[in-house]
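Order of the sequence lines fixes the chain letters, A, B, ..., with proteins taken first and strands second; residue numbering starts at 1 for each chain.
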2 protein chains.
Amino acid sequence: MIKIVVTDDHKLFRMGLAELLKKQEDFNVIATFEDGDLFLDFVTETQDFDIVLLDINMPNTDGFEVLRKLNKTKSTVKPIVISMFDDGNYIAKCAKNGAFGYLLKNADEEELIKAIKIVAQGKKYFTQAIAEKMIDFMAIDSTSKNLLSKKETEVLLLLSKGFTTKEIAAQLFVSTRTTETHRANILKKLEVKNTAQLIKKATEQKLI
Amino acid sequence: MIKIVVTDDHKLFRMGLAELLKKQEDFNVIATFEDGDLFLDFVTETQDFDIVLLDINMPNTDGFEVLRKLNKTKSTVKPIVISMFDDGNYIAKCAKNGAFGYLLKNADEEELIKAIKIVAQGKKYFTQAIAEKMIDFMAIDSTSKNLLSKKETEVLLLLSKGFTTKEIAAQLFVSTRTTETHRANILKKLEVKNTAQLIKKATEQKLI
DNA sequence: TTCTGTATCCGTATTTATACGGATAACTAA
DNA sequence: TTAGTTATCCGTATAAATACGGATACAGAA
């Protein structure tokens, strides 16, 4: 019998997931929580369960924070992240902070069950696609703090203020080509294809 | 017996929701779809169901588009939006495009069931909190609502998704020149000078 | 009704952004 | 120290965005 806890801020998702898991005879959903704090409180009381299915984007204490704290307390609970995003940055951060698995919310039931069973045995589970994203990302850089270089950060900031490449180049005392290279590298690092997407993503991730 | 269809791009959510609804004896989930297009295809074949639970943020054809098209075809199917966001703009747009209800993904099972039952009777269902958000929005933002024309709004949305002018033109069946004019007019109306500033301002104002 | 403003549509010319290729200095790990 | 990696820098060619100018259709005001 695998004992499972679900932590996700969307009640309908949480409940639906619990309902799906109930159909498995050897699964037992012992509790669900709507945010990281409540879950962490629970963990201090009991660790008598195997797996926590964890959302990343939650109010207050988010999934990253939960992973970090679980890791620090050397808990035996194995976290599987269930996220909406297949962003390399997210995946890498989760892996680094001790996640045993990473699933997308558009995964199917079978995959979820498979992941839970594998992780329950103490093994890690990342689908091919997720693993590739992570490797691609690792290839570029480690975590998002150091994702962009100093110069790139400057360029991004000026870009978001609406300056053209030429203007940015003038302000940074370099040629327009250099600025364009920086921009191109920023696009690569954030996995977007043009400035519109870049600004959108950067605001989402609060880089600007 | 209330016949229900679920449309959401996240398979786990979709399946979980279906599982929750199955527990109700008088509900029958007859189909689920992972994107707006597939659902709309289905609607052209049969309209023998009462309610569609609809996500807004989906790839390809999103929830707004589905509402618009359903409305246009004078379908008898009643849509209930289930969204992650309680943004006034979203809610108002849904209401305007014929949604019979609007629930947040952190609603609970009871509320979902209540909403479905009420909407199935042909009545509309918006919780107090949602209705308030909508009213607040209507009060402040009646100006910015009419700021952009329909076409311009479409263009802005596609722009923010990272499509190039050419791609947008193809999707809207007009020349690239027309799309560029739209873009130029959007820039003027939002008082910005290029796409980077545009996306920044639009996200700030939650136009996208 | 006519007039006026605005949404919609398109062409040409210019500016800007992006793709591609390549180089050097600084830093890092073995 | 050496080998590998990354940040920084730049050129050329192409694609895309923007400026400018202009036309039609339609709704609402005079």
Side-chain angles (χ1 to χ4, degrees), chain A residues 88-89 92 96 134-202 207-208, chain B residues 68 96 142-202 207-208:
Chain A
N89 187 11
K96 199 176 156 194
M134 186 162 47
I135 288 161
D136 282 353
F137 177 78
M138 294 291 198
I140 313 168
D141 201 356
S142 48
T143 36
S144 79
K145 277 187 295 241
N146 306 329
L147 215 190
L148 298 182
S149 71
K150 256 182 302 175
K151 272 273 150 52
E152 285 164 351
T153 308
E154 279 184 88
V155 170
L156 174 56
L157 190 71
L158 293 171
L159 255 178
S160 75
K161 287 186 180 170
F163 292 108
T164 67
T165 300
K166 199 189 273 180
E167 290 165 341
I168 295 172
Q171 287 186 48
L172 301 182
F173 304 104
V174 295
S175 87
T176 59
R177 319 299 180 297
T178 301
T179 304
E180 281 162 10
T181 303
H182 287 317
R183 179 204 298 255
N185 290 334
I186 297 171
L187 293 180
K188 252 186 228 158
K189 288 186 178 178
L190 293 192
E191 297 168 344
V192 293
K193 62 181 275 272
N194 58 31
T195 305
Q197 278 188 320
L198 169 63
I199 300 295
K200 199 176 167 210
K201 186 150 189 178
L207 295 177
I208 50 181
Chain B
R68 240 172 270 133
K96 200 177 154 192
S142 54
T143 43
S144 86
K145 191 178 56 182
N146 302 331
L147 216 188
L148 298 182
S149 72
K150 257 183 303 175
K151 271 275 151 48
E152 285 164 350
T153 307
E154 279 185 271
V155 170
L156 174 56
L157 189 72
L158 293 172
L159 254 179
S160 76
K161 288 186 179 169
F163 291 110
T164 66
T165 300
K166 200 189 276 180
E167 290 165 340
I168 294 172
Q171 288 187 47
L172 301 182
F173 304 105
V174 295
S175 87
T176 58
R177 208 55 265 304
T178 300
T179 304
E180 282 162 8
T181 302
H182 287 316
R183 179 205 297 254
N185 289 335
I186 298 170
L187 293 180
K188 251 186 230 158
K189 288 186 177 179
L190 293 191
E191 295 169 338
V192 292
K193 60 182 277 270
N194 57 32
T195 305
Q197 279 189 319
L198 170 62
I199 301 295
K200 200 178 166 207
K201 186 149 190 176
L207 296 177
I208 48 181

Exercise. What is the distance from CD of Gln197(A) to P of dA17(D), rounded to the nearest Å?
Worked result: 12 Å
For this session: Please figure out whether Arg177(A) or Leu187(B) has its closest DNA chain D nucleotide nearer the 5' end.
Result: Arg177(A)
For this session: Of all the heavy-atom pairs spanning Ile168(A) and Leu159(A), show the shortest one and how long it is.
Result: CD1-N, 3.8 Å
Problem set entry | Non-hydrogen atoms of Leu158(A) and Gln171(A) that approach each other most closely | CD2-OE1, 3.6 Å
For this session: Under 4.0 Å between any heavy atoms, over every strand shown, what does Asn185(B) touch: base, sugar-phosphate, or nothing? Just pick one.
Result: base
For this session: Would you tell me if any nitrogen or oxygen in the side chain of Lys166(B) comes within less than 4.0 Å of OP1 or OP2 on dA15(D)?
Result: no
Problem set entry | Nearest-Å distance for atom pair CD/P, residues Glu167(B) and dA16(D) | 8 Å
For this session: Would you kindly give the NZ-to-P distance between Lys188(A) and dT6(D), to the nearest whole Å?
Result: 12 Å
Exercise. Roughly, in whole Å, what's the span from NE2 in His182(B) to P in dA17(D)?
Worked result: 15 Å
Exercise. At under 4.0 Å, does any side-chain N or O of Lys189(B) touch on OP1 or OP2 of dA7(C)?
Worked result: yes
Seminar exercise, completed: For Glu152(B) and Asn185(B), the nearest pair of non-hydrogen atoms, with its separation, is OE2-CB, 3.4 Å
For this session: Check whether any side-chain nitrogen or oxygen of Thr165(A) sits under 4.0 Å from OP1 or OP2 of dA17(C), and answer yes or no.
Result: yes
Exercise. Ignoring hydrogens and geometry, is there a side-chain-to-backbone donor-acceptor pair from Lys200(B) to Ile199(A) under 3.5 Å?
Worked result: no
For this session: Figure out the CD/P separation between Glu180(A) and dT14(D), and round it to whole Å.
Result: 16 Å
Exercise. With distance as the sole test, does Lys201(A) use its side chain to make a donor-acceptor pair with the main-chain N or O of Leu190(A) at under 3.5 Å?
Worked result: yes
Exercise. Whole-Å distance between dA26(C) P and Lys151(A) NZ?
Worked result: 13 Å
Exercise. Taking N and O atoms by type only, does the side chain of Thr181(B) place a donor or acceptor under 3.5 Å from a partner on the base of dC10(C)?
Worked result: yes
For this session: For Thr195(B) and Thr195(A), run side chain to side chain contact (heavy atoms under 4.5 Å, CB included): C-alpha distance rounded to whole Å, both residues' side-chain angles, the deciding distance at 0.1 Å, then the answer.
Result: CA-CA 8 Å; Thr195(B) 305; Thr195(A) 305; 5.9 Å; no
Exercise. Just how far, in rounded Å, is P of dA16(D) from CD1 of Ile168(B)?
Worked result: 12 Å
Seminar exercise, completed: Against the side chain of Val174(B), the closest entry in dT18(C), dG11(D), dC10(C) is dC10(C)
Exercise. In dot-bracket, 5' to 3', how would DNA chain D read with Watson-Crick or G-U wobble pairs under 3.5 Å, [ ] for crossing ones and | for pairs to another strand?
Worked result: ||||||||||||||||||||||||||||||
Exercise. Quick one: is dC10(C) close enough that its OP1 or OP2 comes under 4.0 Å of any side-chain N or O from Thr178(B)?
Worked result: yes
Exercise. Rounding to a whole Å, what distance do you find between Arg183(B):CZ and dA17(D):C1'?
Worked result: 6 Å
Exercise. So what does Thr195(B) hit on the nucleic acid, given a heavy-atom distance under 4.0 Å: a base, only sugar-phosphate, or nothing?
Worked result: sugar-phosphate
Exercise. Should Lys150(B) be listed as having a side-chain N or O under 4.0 Å from OP1 or OP2 of dA7(C)?
Worked result: no
Exercise. Between Lys193(A) and Glu167(B), is there a side-chain N and carboxylate O pair less than 4.0 Å apart?
Worked result: yes
Problem set entry | Separation of Leu172(A) CG from Phe163(A) CZ (nearest 0.5 Å) | 10.5 Å
